[in-house]
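Chain A is the first sequence line, chain B the second, and so forth, proteins listed ahead of strands; every chain is numbered from 1.
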There are 2 protein chains.
Amino acid sequence: MFSKTCEYAIRAMIFIAQKTKEGDIRIGIKDIASGIDSPEYFIAKILQELSRKGLVQSVKGPNGGFYLDHSSLQQSLADVVRAVDGDKIFEGCGLGLKQCSEKCPCPIHHDFKRIRKDLYRTLEKSKLGNFTEELDKQLLFLRR
Amino acid sequence: MFSKTCEYAIRAMIFIAQKTKEGDIRIGIKDIASGIDSPEYFIAKILQELSRKGLVQSVKGPNGGFYLDHSSLQQSLADVVRAVDGDKIFEGCGLGLKQCSEKCPCPIHHDFKRIRKDLYRTLEKSKLGNFTEELDKQLLFLRR
DNA sequence: TTAATAAAAGACAAAAATATCTTTTATTAT
DNA sequence: ATAATAAAAGATATTTTTGTCTTTTATTAA
């Protein structure tokens, strides 16, 4: 469904949200990598990119690391997906046709419209900060 | 959503269904490639594999080519997807967690269960032979 | 039986995705 | 100011996916 990059990105962002909450705590790349069970250097690259796009905040140096400010905590998983994989997953044709459209539909066009819409609305409704409590209670998991 | 391989596979199978219908007509790889606008050698490889798995029939030599027998025409898009991409798209965790489950759910586990189910049932209901008429009438398209 | 045809099989090539390592820059604590 | 820290940036490596070409095998028609 999503690329590896995107899977790691979502897990990392939710993890950072959980660990840093509202405060000005920062979490380092090693803790993130082990916390979501991802390759350290790889997730570093991904967060670098998300940081450049302003989806996550970071500071260098001692006590530095990543965190989410108040507005970033309100971002949705759809925002993360879009930043990483673009919106082809929300818009592209299920059979890879460039010119697939209402007027020129592929055989699964109408079904996919419904499924995509559900996917999109679901991700749009899920804010990064929404999972903290359940993660803390171990009702949800980000690794294994 | 699907791999390129899978996209081509679905398009090719539906195309073969349309062109060969019930009769014992066969359609060659070049016609398939141009009919669905895919790389010729690549779709050849894909159909080779599907042929090995019995999802499509073929004969070599003059007047040879690919076709779908009566039972193959009843196969669903889900069967094609499973043969090509496996069933990770129907079953795997949306965030790539190996041990994601009801007891150990990832943050999007429950939403994804619903979306996946819709996807699966939709593909399961769509039989290869179902699109022929609308393709003939140019209400559906397999290229561009 | 032979030549032509078309898929099967196998080898190879290019591109993209995934993953790792090294150097640089900014920040902080001493 | 200086040393230590941690992310940013850049370079490189590996694997997977996608795409192409060549040779072999089966089938048919002449």
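Using a 4.0 Å heavy-atom cutoff across all strands shown, B/Arg52 reaches sugar-phosphate atoms only and no base atom.
On a pure distance criterion of 3.5 Å, no polar donor-acceptor pair joins the side chain of A/Glu40 and the base of C/dA19.
No cation-pi contact links B/Lys45 to B/Tyr41, judged by a cut-off of 6.0 Å to the six-membered ring centre and 45° from its axis.
As rounded to whole Å, 14 Å separates atom P of C/dT22 from atom NZ of A/Lys45. The nearest whole Å value for the distance from the CD1 atom in A/Ile46 to the P atom in C/dA17 is 13 Å. For the pair A/Lys30 NZ and C/dT20 P, the computed distance is 14 Å after rounding to whole Å. Look at CD on A/Gln57: it is 15 Å from P on C/dT27, rounded to the nearest Å. The distance between atom OH of B/Tyr41 and atom P of C/dA9, rounded to the nearest whole Å, is 17 Å. In this structure, CD1 of B/Ile29 is placed 13 Å from P of C/dA9, rounded to the nearest angstrom.
Each of B/Phe2 and A/Ile27 has a nearest nucleotide on DNA chain D; the 5'-most of these lies closest to A/Ile27.
Annotation: side chain to side chain donor-acceptor pair (under 3.5 Å) contacts of B/Arg26 (sequence neighbours excluded): none. When the ring-ring contact (aromatic ring centres under 6.0 Å, His included) test is applied to B/Phe131, no partner is found at least two apart in sequence or on another chain. Listed by chain and number, the residues in a side chain to side chain donor-acceptor pair (under 3.5 Å) with A/Lys60 amount to none (sequence neighbours excluded). Scanning for side chain to side chain donor-acceptor pair (under 3.5 Å) contacts around B/Lys125 gives an empty result, with sequence neighbours left out. With sequence neighbours excluded, the residues forming a ring-ring contact (aromatic ring centres under 6.0 Å, His included) with A/Tyr120 are A/Phe90, listed by chain and number. Evaluation of the side chain to side chain contact (heavy atoms under 4.5 Å, CB included) rule for A/Lys117 yields A/Arg121 as partners, not counting sequence neighbours.
Bracketed by its first and final contacts, the part of DNA chain D lying under 4.0 Å from non-hydrogen atoms of chain B reaches from D/dT18 to D/dA29 in 5' to 3' order.
For the segment residues 59-68 of chain A, residues with any heavy atom less than 4.0 angstrom from an atom of DNA chain C are, sorted by number, A/Lys60, A/Gly61, A/Pro62, A/Asn63. The stretch residues 84-99 of chain A does not touch DNA chain C, since none of its heavy atoms comes less than 4.0 Å from the strand.
Using a cutoff of 4.0 Å between basic side-chain nitrogens and carboxylate oxygens, A/Lys53 and A/Glu49 are scored as salt-bridged. Taking the charged nitrogens against the carboxylate oxygens, A/Lys19 and A/Asp31 have no contact shorter than 4.0 Å, which rules out a salt bridge.
No more than 12 heavy atoms of other residues, nucleotides or ligands lie within 6.0 Å of CG in B/Asp24, so this atom counts as exposed by the packing criterion. By the neighbour-count criterion of 12 heavy atoms within 6.0 Å, atom CG of A/Asp87 is densely surrounded, having more than that number from other residues, nucleotides or ligands.
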Exercise answer: donor-acceptor pairs, residues 98-108 of chain B side-chain atoms, under 3.5 Å, sequence neighbours excluded:
unit_1, atom_1, unit_2, atom_2, d
B/Ser101, OG, B/Lys103, N, 3.3
B/Ser101, OG, B/Cys104, N, 3.1
B/Glu102, OE1, B/Lys113, NZ, 3.3
B/Glu102, OE2, B/His109, NE2, 2.9
B/Glu102, OE2, B/Lys113, NZ, 3.0

For residues 132-144 of chain B, please give each side-chain donor-acceptor pair under 3.5 Å, one per line with the distance, not counting sequence neighbours.
unit_1, atom_1, unit_2, atom_2, d
B/Thr132, OG1, B/Gly129, O, 3.4
B/Glu133, OE2, B/Lys137, NZ, 3.4
B/Asp136, OD1, B/Gln18, NE2, 2.9
B/Asp136, OD2, B/Lys21, NZ, 3.1
B/Arg143, NH1, B/Ser34, O, 2.3

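Using bins of under 30°, 30° to 60° and over 60° for the plane-to-plane angle, the ring pair A/Phe112/B/Phe2 lands in the tilted bin.
Distances were taken from every side-chain heavy atom of A/Lys4 (C-beta onward) to each of C/dA9, C/dT18, C/dC21; the shortest belongs to C/dT18.
Over its full length, the helix from C/dT1-D/dA30 to C/dT30-D/dA1 turns its helical axis through 10°, comparing axes from the five pairs at each end and rounding to 10°.
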